[in-house]
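Here, residue 1 is the first one in the sequence, and each next residue gets the next number. Hydrogens, waters and symmetry mates are skipped; everything else that's a heavy atom, side chains included, is used.
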Amino acid sequence: QLQLVESGGGLVQPGGSLRLSCAASGFTLDYYAIGWFRQAPGKEREGVSCISSSGGKTNYADSVKGRFTISRDNAKNTVYLQMNSLKPEDTSVYYCAADFRRDDYCAGYVSSYDYWGQGTQVTVSS
């Protein structure tokens, strides 16, 4: 069974850090671009960051550039999102998703992705 599982969410104070993990089971991530998305209550799901299958290409939303870093360890079949200098507006449910691709590219839009995790809550509050 193909599955993505996010972990690492929680409650953190403004200015703090969290590292999210996205672990795959039932398939290898070697040929998949991975995206991180987030969705706050009453809002549409938005792209946060993505990484190509090789890890050679990454993209970030303007709102997180310079604060978040995406990386992957294909040997561990896991992708990470390091989030620093967190702000209250980063509060959301964060999802990872996998997009099978034959090129070394990653897309920032929801419809490109085939498999989704269940999400992990990130709350930034004092």
Side-chain angles (χ1 to χ4, degrees):
Q1 183 178 359
L2 306 181
Q3 196 172 14
L4 293 171
V5 178
E6 301 96 337
S7 61
L11 173 63
V12 64
Q13 291 187 341
S17 298
L18 285 173
R19 188 176 81 155
L20 304 184
S21 298
C22 172
S25 60
F27 68 112
T28 175
L29 290 180
D30 290 4
Y31 300 103
Y32 288 82
I34 301 298
W36 283 99
F37 295 81
R38 65 188 181 187
Q39 188 168 20
K43 294 189 176 181
E44 291 189 357
R45 192 168 296 189
E46 63 174 355
V48 174
S49 181
C50 67
I51 188 167
S52 65
S53 57
S54 75
K57 292 186 175 63
T58 58
N59 285 300
Y60 297 92
D62 287 343
S63 58
V64 306
K65 279 181 183 175
R67 301 188 297 122
F68 290 11
T69 303
I70 192 170
S71 62
R72 65 190 299 155
D73 185 341
N74 283 356
K76 294 183 178 180
N77 225 22
T78 301
V79 174
Y80 305 97
L81 185 68
Q82 178 67 43
M83 306 187 297
N84 298 329
S85 302
L86 283 161
K87 304 175 181 180
E89 51 263 43
D90 294 317
T91 296
S92 278
V93 178
Y94 283 72
Y95 300 89
C96 67
D99 175 17
F100 180 80
R101 302 192 68 95
R102 299 188 184 279
D103 56 20
D104 196 34
Y105 177 75
C106 68
Y109 44 92
V110 170
S111 60
S112 183
Y113 290 81
D114 308 301
Y115 304 105
W116 290 81
Q118 82 290 347
T120 185
Q121 177 70 46
V122 171
T123 302
V124 185
S125 175
S126 55

So, does [X] use its side chain to make a donor-acceptor pair with the main chain of [Y] at under 3.5 Å?
X	Y	value
Asn77	Gly26	no
Gln39	Ser92	no
Thr58	Cys50	no
Arg72	Gly55	no

Flag the pair Asp62 and Lys65 as a salt bridge only when some basic side-chain nitrogen lies within less than 4.0 angstrom of an acidic carboxylate oxygen.
-> yes

ILVMFWY cluster, Ile51 and Tyr113 together (side-chain gap under 4.5 Å) | no

Validation row: Cys96, Val79 side chains within 4.5 angstrom (heavy atoms) | no

Mind checking whether Asn59 and Cys106 have side chains closer than 4.5 Å, heavy atoms only?
-> yes

How about Glu44: does its CD atom have over 12 heavy atoms from other parts shown lying under 6.0 Å from it?
->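 At most 12 heavy atoms, drawn from other residues, nucleotides or ligands, come within 6.0 Å of this atom.
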
Take atom CZ of Phe100 as the centre, draw a 6.0 Å sphere, and report whether it contains more than 12 heavy atoms from other residues, nucleotides or ligands.
->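 Yes.
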
Is it the case that Arg19 places NZ or CZ above or below the six-membered ring of Tyr80, under 6.0 angstrom from the centre and within 45 degrees of the axis?
-> yes

Consider only side-chain N and O atoms of Asp73 and Thr78, and report whether a donor and an acceptor are under 3.5 Å apart.
-> no

